[in-house]
Peer 1: 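Below: one structure in structure tokens.
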Protein chains: 2
Amino acid sequence: MNDFLARLAGVIGSANLFTADTDTARYTTDQRGRYHGRPLAVARPGSTAEVAALVRLARAHQVAIVPQGGNTSTCGGATPDGSGRQLLVALERLNRVRALDAANHSLTVEAGMTLAAVQQAAADADRLFPLSLASEGSCQIGGNLSTNAGGLAVLRYGTMRELTLGLEVVLPDGQVLNALSGLRKDTSGLDVKQLFIGAEGQLGLITAATLKLFARPTAHATALVGVRDAAAAIAWLNALKDAFGDRLTTFEIMSEVCQNLLAKYHPGQLPFTAPWALLIELSDSGDSAELGERLVAWLAEQDMLDGVVAQSEAERQKLWQLREAMSETQKRDGPSIKHDIGVPSSAIPAFLDEAGTALEAAFPGVRVVAFGHAGDGNLHYNVSYTRPGNAELFSDEPRVNEIVYDLVYRHAGTLAAEHGIGQLKPHWLARYKDPVALAVMKTIKQALDPAGLMNPGRWL
Amino acid sequence: MNDFLARLAGVIGSANLFTADTDTARYTTDQRGRYHGRPLAVARPGSTAEVAALVRLARAHQVAIVPQGGNTSTCGGATPDGSGRQLLVALERLNRVRALDAANHSLTVEAGMTLAAVQQAAADADRLFPLSLASEGSCQIGGNLSTNAGGLAVLRYGTMRELTLGLEVVLPDGQVLNALSGLRKDTSGLDVKQLFIGAEGQLGLITAATLKLFARPTAHATALVGVRDAAAAIAWLNALKDAFGDRLTTFEIMSEVCQNLLAKYHPGQLPFTAPWALLIELSDSGDSAELGERLVAWLAEQDMLDGVVAQSEAERQKLWQLREAMSETQKRDGPSIKHDIGVPSSAIPAFLDEAGTALEAAFPGVRVVAFGHAGDGNLHYNVSYTRPGNAELFSDEPRVNEIVYDLVYRHAGTLAAEHGIGQLKPHWLARYKDPVALAVMKTIKQALDPAGLMNPGRWL
């Protein structure tokens, strides 16, 4: 290993190879504090050529590689194991804009740029890069790609997969796949870049990407609406799609339990409470006043319990802060068993009903905190008691998960809608995923990474 | 082989197994009349289970399979070779709607449904399935998937890949991959369905798909505008995106040569001629009158040579007919060497300029007919003389292609933007595609179809 590290230092420079615990500490514990790894070293290559040389060297020495972006995985996806034999590769020095083609609405960036920096690079050219999520200040575009990130505007703009035109990838054999492209249509062979999106670093190391940009919306109209049940929420979703088409950019829902938590920890912020609250945002070209008027006029004709429309950018930000405060607010109230599930939007009401009933039957007094991106079927469905610690619930976590996931799959859903699998959920994936699909995944892994050195011990 | 055919008849019924030339004729010549195949037989399975049994049987007998949808490939993608040993599998009997979930904006259909029937099934539920292309009355959804079809609304809605939520595929080993799904977000493992989209039947047989539906636009505004050059056309594209955002659904361009052909064969139909004509369509919720007024008001502020806005649905259809008449009009004027290329939209002006100059230098007097989906960078770029037959040009077809493709790739483009590779372009693919990408494709093919029985002799 000393020989390997010496050679690696020759490739990337010894200043970019960390072995002391004080230097590696910030890379080795995951964001949620759940996984603690002990890597052979942390390598910070500075270019695609250095990444490729690093991969070839690691392959020659049979050293496994764990790629890491902003270290914001919620499922241990970027934390090495405790063996001290895996090389953690941090992409953070690959952080440049390679090319901006505003007239083609495309932007080529390196994998280690933060999402916020990518958004800013687009905005500087009067364009929008629409991916937006809570950790955007620290998560990196390579991680967004490797987890096929979603976030707050999937309803309108799609996930990272839809936002990606091209990729550059260092393959497990050290070759560089150049699939960077600004093309929106290309039928010249298999679209090989698709393999690496959502692969969680198990098939290669993404080093750069060409991303789709959009015209920057100049108008926003934002409302918080209270409705009586989840079925009404989904009816609203579809009525909004009919009335406003692609202008509907965000459709988030929060249960009454969520609103009560917000009222407790952020008193005076919520304008009302209701069985379900909907955060609705339209965006468009033109000006906000006109769009706001259209939304107000439309809302006036709807049946709702309560509702407010933001009358200024400050009011709009206040509504968004309520939604964005949900995770932190819930954390303050104690730990919970989190699920990042998805079902068809049409199945949300039945799922919520059945899962709530089943959990209450198994764990009387249980509390469900449900909120999320209902516009694309993705719910954060978190389970706790109202008692501190929730120790008795955590001891039953597998049973809680089983109840939730059984119902998710009964409704043709997924146990991982946007957080991925990582180290947290491989056994659940093995249990619920179509076995033929799993076999195809393993065939692909075996074909591209026969030595099994790319992010091993995950789910491939 | 007789044993194989007898067993196959047992699986799908002898009424669905054609061996006589009179029965197989309509399957064995491609749409353009360029390829003539001689299959072992034509099989018409009626269910996924029959397709799976067929594939297992073919595998046991080492019989190669050529899948076929509506037989509308423009590059021989669905025509068997002349060996008499390949089994042509027509999916036309798998033509049912499996499930419609209007509240989830999703539709699950079998692969053999025509695109027009899928559009109609969506419309019957007051939803839009936006894929639209010239052959929609006969092409089938399985073929659209296998070629990652594009068409007239890619600018707004994306290609078939973006319109697909899930797939069911019979793999080369006869197993059925169930990746049908109505989910818009799913990070539970590799998105294996992506492998089969655009694979031209070389990795498996697509038997069903879950498709994305959209709210049906109720308003359309359509204009034909004349501008002075291709650079002005692209400036218009981006100004329209800024002004109208996602409402911009279609942005087609036609050169003056195209307009002159239309004037010759459809006299009196074109309202004007100009160096470049732009067909622009906006679509939206709300009503057409209001949208039309907004377009008229915007156009009044632009610098253009000429322009008309459709004042009625009949006028709108007339403008569309001009665009749709292009292929047939050109055919009436004689054969040409066709290219279905794509470059970044921003590169269209430079590409047209350089390619026109290079072709004129090599073939003085040559005529370029350029039109297409400039909104997504996809051009039909067809080369001919004005003399009948164009025999002297066809004898130089490889050189013509080389001039065009060299410039396409100099501008980071593609030699196949929507028609695929098929039998027509494998050698060009081998020449221009990134060799590492080609190697990855072949690795995937070898891993999933080691016996090489799925649509062999193409490009994998």
Side-chain angles (χ1 to χ4, degrees), chain A residues 101 103-104 106 147-148 150 154 159 162 175-179 181-192 194 198-199 215 217 234 238 241-246 284-285 342 344-346 376-378 412 414-421 429 433-434 436-437 440-441 443-444 447-448 459, chain B residues 101 103-104 147-148 150 154 159 162 175-179 181-192 194 198-199 215 217 234 238 241-246 284-285 342 344-346 376-378 412-421 429 433-434 436-437 440-441 443-444 447-448 459:
Chain A
D101 185 350
N104 189 53
S106 62
T147 57
N148 188 20
V154 170
T159 65
E162 279 113 341
Q175 288 195 88
V176 179
L177 170 70
N178 179 5
S181 164
L183 301 174
R184 277 160 178 77
K185 288 168 87 172
D186 186 359
T187 57
S188 65
L190 297 183
D191 188 3
V192 293
Q194 301 295 342
I234 301 307
N238 287 313
K241 283 189 180 181
D242 285 344
F244 296 102
D246 290 338
D284 201 352
S285 53
S345 297
S346 53
D376 43 55
N378 175 199
T414 175
L415 60 87
E418 68 175 3
H419 290 173
I421 301 299
L429 184 72
K433 196 80 181 176
D434 175 50
V436 180
V440 170
M441 292 180 208
T443 299
I444 298 298
L448 292 179
W459 40 272
Chain B
D101 185 349
N104 189 52
T147 57
N148 188 21
V154 170
T159 65
E162 279 113 341
Q175 289 196 86
V176 179
L177 170 70
N178 178 6
S181 165
L183 301 174
R184 277 161 177 76
K185 288 168 86 171
D186 186 359
T187 57
S188 65
L190 297 183
D191 188 3
V192 293
Q194 301 295 342
I234 300 308
N238 287 314
K241 282 188 180 181
D242 285 343
F244 296 102
D246 291 339
D284 201 352
S285 52
S345 297
S346 53
D376 43 55
N378 175 200
T414 175
L415 60 88
E418 68 174 4
H419 291 173
I421 301 299
L429 184 72
K433 196 81 181 177
D434 175 50
V436 179
V440 170
M441 292 180 209
T443 299
I444 299 298
L448 291 179
W459 41 272

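Residue numbering restarts at 1 for every chain, and letters A, B, ... go by the order of the sequence lines. Computed over heavy atoms, backbone and side chain alike; hydrogens, waters and symmetry mates excluded.
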Peer 1: Looking at CE of A/Met441 and CG of B/Leu190, how far apart are the two atoms once the value is rounded to the nearest 0.5 Å?
Peer 2: 5.5 Å
Peer 1: Between the main-chain N or O of A/Ala416 and the side-chain N or O of B/Ser188, is there a donor-acceptor pair closer than 3.5 Å?
Peer 2: no
Peer 1: For a quick test of reading the model, state the closest non-hydrogen atom pair linking A/Ser285 to B/Gly245 and the distance between them.
Peer 2: OG-N, 4.2 Å
Peer 1: For chain B, find which of A/Asp191, A/Thr443, A/Leu448 contributes the most heavy-atom pairs closer than 4.5 angstrom.
Peer 2: A/Asp191
Peer 1: Against chain A, label B/Ile444 side chain, backbone, both or neither, depending on which of its atoms sit under 4.5 Å from a heavy atom there.
Peer 2: side chain
Peer 1: State, to 0.1 Å, how close B/Asn104 and A/Ser346 come at their nearest heavy-atom pair, and which atoms those are.
Peer 2: CB-OG, 3.5 Å
Peer 1: Write down the atom of A/Gln175, the atom of B/Val436, and the distance for their closest heavy-atom approach.
Peer 2: OE1-CG2, 3.5 Å
Peer 1: Can you tell me which portion of B/Asp101 sits under 4.5 Å from chain A's heavy atoms? Options are side chain, backbone, both or neither.
Peer 2: side chain
Peer 1: At what distance, to the nearest 0.5 angstrom, does CG of B/Asp186 lie from NZ of A/Lys433?
Peer 2: 4.5 Å
Peer 1: Does any backbone or side-chain atom of B/Asp242 lie under 4.5 Å from a heavy atom of chain A? Answer side chain, backbone, both or neither.
Peer 2: both
Peer 1: Between B/Asn178 and chain A, with a heavy-atom cut-off of 4.5 Å, which part of the residue counts as in contact: side chain, backbone, both or neither?
Peer 2: both
Peer 1: Relative to chain B, which of A/Gly420, A/Pro344, A/Ala447 shows the most heavy atom pairs under 4.5 Å?
Peer 2: A/Pro344
Peer 1: Give the member of B/Ala417, B/Gly377, B/Ser181 that has the highest number of heavy-atom pairs under 4.5 Å with chain A.
Peer 2: B/Ala417
Peer 1: Out of the candidates A/Thr159, A/Thr414, A/Asn148, only one should pair with B/Lys185 under the side chain to side chain contact (heavy atoms under 4.5 Å, CB included) rule; please name it.
Peer 2: A/Thr159
Peer 1: As an exercise: rank A/Ala437, A/Gly198, A/Gly189, A/Ala179 by heavy-atom pairs under 4.5 Å with chain B and give me the winner.
Peer 2: A/Gly189
Peer 1: Mind checking what makes salt bridge (Lys or Arg N to Asp or Glu O under 4.0 Å) contact with A/Asp284, not counting sequence neighbours?
Peer 2: A/Arg247, B/Arg247
Peer 1: Looking at chain A, which one of B/Leu415, B/Asn238, B/Asn378, B/Val192 has the largest number of heavy-atom pairs inside 4.5 Å, strictly under?
Peer 2: B/Asn238
Peer 1: With heavy-atom distances below 4.5 Å as the criterion, would you say the side chains of A/Asp434 and B/Leu177 are in contact?
Peer 2: yes
Peer 1: Below 4.5 Å from any heavy atom of chain A, which atoms of B/Ala243 appear? Answer side chain, backbone, both or neither.
Peer 2: backbone
Peer 1: So which part of B/Ala412 gets closer than 4.5 Å to some heavy atom of chain A, the side chain, the backbone, both or neither?
Peer 2: backbone
